[in-house]
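Along the sequence shown, residues are numbered consecutively beginning with 1.
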Amino acid sequence: MEQQAIKEYIAESVDVAVIGAGHAGVEAALAAARLGKKAVIFSVSMDAVANLPCNPSIGGTAKGHLVREIDALGGEMGKAADAVTIQSRMLNRGKGPAVHSLRAQVDRTRYHSYMKRALENQENLLLKQAEIVDIRVENQAVRAVVTAMGAVYPCKTVIICTGTFLGGKIFVGEFSQASGPDGLHAPTRLSESLKQLGMPLRRFKTGTPARVHRDSIDFSQLEVQKGEDPIIPFSYATHIPPENAVDCHIAYTNADTHRVIREHLHRSPLYSGVIEGIGPRYCPSIEDKVVRFQDKERHQVFVEPMGLDTKEMYLQGMSSSLPEEAQIQLYRTVKGFEKLQIIRNAYAIEYDCVDPTGLKPTLEFKHISGLYGAGQFNGTSGYEEAAAQGLMAGINASRLIDGQEGVVLERSSSYIGTLIDDLVTKGCQDPYRMMTSRSEYRLLLRQDNADSRLTPLGYEIGLISEERWKMFHVKQLMLEQEEKRLRTATIAPSEALNERLRQLGTAELRTGIKLAELIKRPQVGYGDIREFDSSRDDAVGADIVEQVEINIKYEGYIQKQLAQVQQMKKMEQTLIPEDIVYQQLDGIRLEAREKLNRIRPCSLGQASRISGVSPSDISVLMIYLAQQKGQAEGMQ
């Protein structure tokens with residue numbers, strides 16, 4: 001029966017409308033409301049608020065840096081993760097401090113509840129279950145959003161945070177259906193509205209492994225992976241660290257597993273051509289791993305709890321879109337999984353997203369004022385990447401309303417700045433994942449100093465409370481005092497100290513030496529000699545000691561990176577006029593002109609990072625800008 005036309009009505013006028021209540025949407029809405037804007041956040045289901053449809057974990061390599069930065073700016077993800085952590089580890093301990101990254105296994109339902117409660121309790125914010133089907137635009141500026149039931153919400157700004165829901169379609173072998181994650185409703189009509197607004201939508205794909213019953217696993221056949229004590233929190237505002245409540249485990253695929261996959265590969269929608277979307281390069285399905293890495297005899301499977309009040313277990317590393325019966329076969333070939341019972345099948349999901357080069361560095365669309373994109377809608381993968389973008393979109397939408405300039409984080413300031421600059425400058429051909437290798441300044445952008453780098457900005461923006469600002473100043477003073485002490489205090493030689501130095505494989509002391517000079521030795525950590533430091537203050541926390549030790553030990557490298565930052569700042573500060581006509585610039589190659597004209601970089605620095613724009617093109621552009629500046633000054 002054909003549905004009757006829906007009669008529209010004016011519901012409520014707001015400043016900021018956020019479409020989607022996943023990790024990007026939650027941070028965007030909270031930021032806008034906390035900055036005094038009247039905001040509404042829409043979710044197709046209240047069960048989808050801050051959902052963790054893949055692994056219930058927060059952080060990881062480079063992602064832990066993002067969470068720390070979100071927290072330093074005044075976001076919520078770090079505090080939420082700390083509140084519901086069930087196991088935590090610091091990754092990459094055996095490597096340098098630039099790549100140390102926190103990762104926490106969290107309770108999935110408690111994380112959802114925490115964030116839903118944060119939205120419900122936030123002043124100026126309305127949480128609404130509704131599907132948005134249209135974004136109204138007049139004179140190239142947003143005016144309203146419309147729900148499927150005909151409610152019109154007049155608004156000044158809109159932030160699209162649709163995640164993997166928009167046009168979502170799941171695949172399990174030959175079976176497919178329109179669906180968002182976890183079987184939730186997938187909105188489709190909004191895609192048509194966006195196309196009418198001139199947005200170049202495309203299809204990306206991701207996947208997730210099966211969730212299985214804990215009691216059907218023989219854990220005696222698996223490797224135990226324990227948490228790390230004491231736990232280091234994500235949030236600088238968390239004073240009582242969480243505790244490890246569970247163990248994780250590791251299993252391995254084998255030749256039988258790979259045989260089953262190959263036998264059913266023709267039924268995989270990924271290889272049969274049914275799936276059109278482009279999948280994540282750095283998080284391949286188990287089918288992909290077996291095909292791409294044929295020389296590998298086994299692949300790791302991380303067996304991780306979904307929470308404290310459920311027996312569902314997540315099998316990280318075994319995402320799949322094979323048919324249900326093939327999934328049962330392949331999972332049961334793994335040692336310890338012989339009697340495995342699947343609760344939720346693995347599946348692949350396709351969804352609509354946008355080319356992020358159509359966005360400004362503020363995450364506002366170039367051709368529509370007041371319209372922003374954030375999260376997987378912008379082509380990224382991961383909860384942390386989404387939350388970071390949501391926070392910045394919420395900040396910038398609020399500042400646009402107030403007539404203030406948007407906040408654009410430089411690459412040298414943060415991984416958030418690197419993430420957004422990569423998206424809007426280089427774009428992404430597959431779901432973008434943050435990695436430490438993406439930053440040129442990763443020794444400066446460590447997770448231990450995220451508050452030193454970004455909390456002053458968070459306070460200036462208005463998301464850091466007075467209480468936390470005072471705490472920040474106390475910590476900075478302690479850092480300064482401890483570093484000064486280590487650089488001025490002398491440690492005298494002793495037989496016990498020299499014995500320790502011999503054990504560490506470094507030269508003995510013959511005379512007194514500054515503590516900082518001793519710590520600079522590659523073999524020596526401050527913890528190795530702390531007991532011999534008679535001037536130490538035991539009240540100084542481990543976080544202070546860690547940051548000071550890194551500053552001293554890597555001082556030369558840090559200074560080099562700071563010099564690189566200063567050199568690059570000159571290019572970042574050379575702004576490019578919005579009305580520049582690249583086609584008229586002689587000396588710039590045709591490909592470079594097309595790229596520059598499409599992306600419309602804001603500065604010479606951004607232009608230099610566009611793929612297909614060579615150093616010679618930048619030289620021509622630099623000369624042109626200098627000439628224009630000279631002419632303008634001559635006319636004054």
Take T357 and R598 through the side chain to side chain donor-acceptor pair (under 3.5 Å) test and state the conclusion after the steps. CA-CA 8 Å; T357 59; R598 180 168 62 86; 3.0 Å; yes

Before you tell me yes or no, could you show the steps for R411 and S414 under side chain to side chain donor-acceptor pair (under 3.5 Å), namely the whole-Å CA-CA distance, both residues' side-chain angles and the distance that decides it to 0.1 Å? CA-CA 6 Å; R411 294 181 69 88; S414 57; over 6 Å; no

For D215 and K311, run salt bridge (charged side-chain N to carboxylate O under 4.0 Å, His left out): C-alpha distance rounded to whole Å, both residues' side-chain angles, the deciding distance at 0.1 Å, then the answer. CA-CA 7 Å; D215 293 349; K311 290 198 172 183; 2.8 Å; yes

Show your working on side chain to side chain donor-acceptor pair (under 3.5 Å) between N396 and E364 and close with a plain yes or no. CA-CA 8 Å; N396 286 328; E364 183 185 21; over 6 Å; no

Between R259 and D256, is the salt bridge (charged side-chain N to carboxylate O under 4.0 Å, His left out) condition met? List the steps. CA-CA 5 Å; R259 174 186 53 78; D256 281 343; 3.8 Å; yes

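Under the side-chain hydrogen bond (donor to acceptor under 3.5 Å, both in side chains) criterion, S101 pairs with H65, not counting sequence neighbours. Considering only residues two or more places apart in sequence or on other chains, D309 meets the salt bridge (Lys or Arg N to Asp or Glu O under 4.0 Å) condition with none of them.
Between K63 and E69 there is no salt bridge, since no side-chain N of the basic residue sits under 4.0 Å from a carboxylate O of the acidic one. Using a cut-off of 4.0 Å between Lys/Arg side-chain N and Asp/Glu carboxylate O, E312 and R214 are scored as not salt-bridged. R203 and E350 are joined by a salt bridge, as a carboxylate oxygen and a charged side-chain nitrogen come within less than 4.0 angstrom of each other. With salt bridges taken as basic N to acidic carboxylate O contacts below 4.0 Å, one links E174 and R267.
Within the 3.5 Å criterion, the main-chain N or O of E223 finds no donor-acceptor partner in the side chain of H249. Under the 3.5 Å distance criterion, the side-chain polar atoms of Y331 are matched with a main-chain donor or acceptor of M318. Judged by distance alone, the side chain of S285 and the main-chain N or O of S320 form no donor-acceptor pair under 3.5 Å. One N or O on the side chain of N244 and one on the backbone of E228 form a donor-acceptor pair closer than 3.5 Å. Listed for the E287 side chain is no donor-acceptor partner under 3.5 Å among the backbone atoms of S268. Put simply, the side chain of D182 never gets that close to the backbone of L184: no donor and acceptor are under 3.5 Å apart.
For residues 290-325, the ring-ring contact (aromatic ring centres under 6.0 Å, His included) pairs, not counting sequence neighbours, are H258-H299. Residue pairs that meet the salt bridge (Lys or Arg N to Asp or Glu O under 4.0 Å) test with at least one member in residues 190-202, sequence neighbours left out, are E192-K195.
Between Q389 and T380 there is a side-chain heavy-atom pair separated by less than 4.5 Å. Here the side chains of T257 and V334 are in contact, with some heavy-atom distance below 4.5 Å. Looking at T61 and M435, their side chains never come closer than 4.5 Å, going by heavy atoms from C-beta outward. In this structure the side chain of L322 never reaches within 4.5 angstrom of the side chain of V172, judged on heavy atoms. Looking only at side-chain heavy atoms (C-beta outward), M392 and I416 come within less than 4.5 Å of each other. Side-chain contact between I286 and T253 is present, with at least one heavy-atom pair separated by less than 4.5 Å.
Smallest separation of non-hydrogen atoms from P56 and R108: CB-CB, 4.0 Å. Minimum heavy-atom separation, I217 to M313: CD1-CG, 4.1 Å. In this structure, A251 and F337 approach most closely via the heavy-atom pair CB-CZ, 3.9 Å. Across all non-hydrogen atoms, the minimal contact from L308 to R110 is CD1-NH1, 3.7 Å. Contact record, F234 with G59: CZ-CA, 4.0 Å, taken as the closest heavy-atom pair. The minimum heavy-atom distance linking D134 with S193 is given by the pair OD1-OG, 2.7 Å.
For the residue pair D421/T418, the side-chain donor-acceptor check at 3.5 Å is not satisfied.
No option in Q105, K226, Q225 other than K226 meets the side chain to side chain donor-acceptor pair (under 3.5 Å) test with D247.
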Pairs of donor and acceptor atoms involving the side chains of residues 142-153, under 3.5 Å and at least two apart or interchain, shall be tabulated with distances.
from, atom 1, to, atom 2, distance (Å)
T147, OG1, M149, N, 3.3
T147, OG1, G150, N, 3.4
T147, OG1, A151, N, 3.0

Just distance, no hydrogens or angles: give the donor-acceptor pairs under 3.5 Å from side chains in residues 17-32, sequence neighbours left out.
from, atom 1, to, atom 2, distance (Å)
H23, NE2, N51, O, 2.8
E27, OE1, E76, N, 3.0
E27, OE2, E76, N, 3.1
E27, OE2, M77, N, 2.8

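With a 6.0 Å cutoff to the six-membered ring centre and a 45° limit on the axis angle, R438 counts as a cation-pi contact of Y432.
Residue C428 holds its SG atom at 9.5 Å from CG of D422, rounded to the nearest 0.5 Å. For the atom pair CD (E120) and CE (M46), the distance works out to 8.5 Å, reported to the nearest 0.5 Å. Here the CZ-CD distance, from R292 to Q294, works out to 12.0 Å after rounding to the nearest 0.5 Å. The CG atom of L363 lies 8.0 Å from the CG atom of L423; values are rounded to the nearest 0.5 Å.
Residue-environment remark: NZ (K128) stays at or below the threshold of 12 foreign heavy atoms within 6.0 Å.
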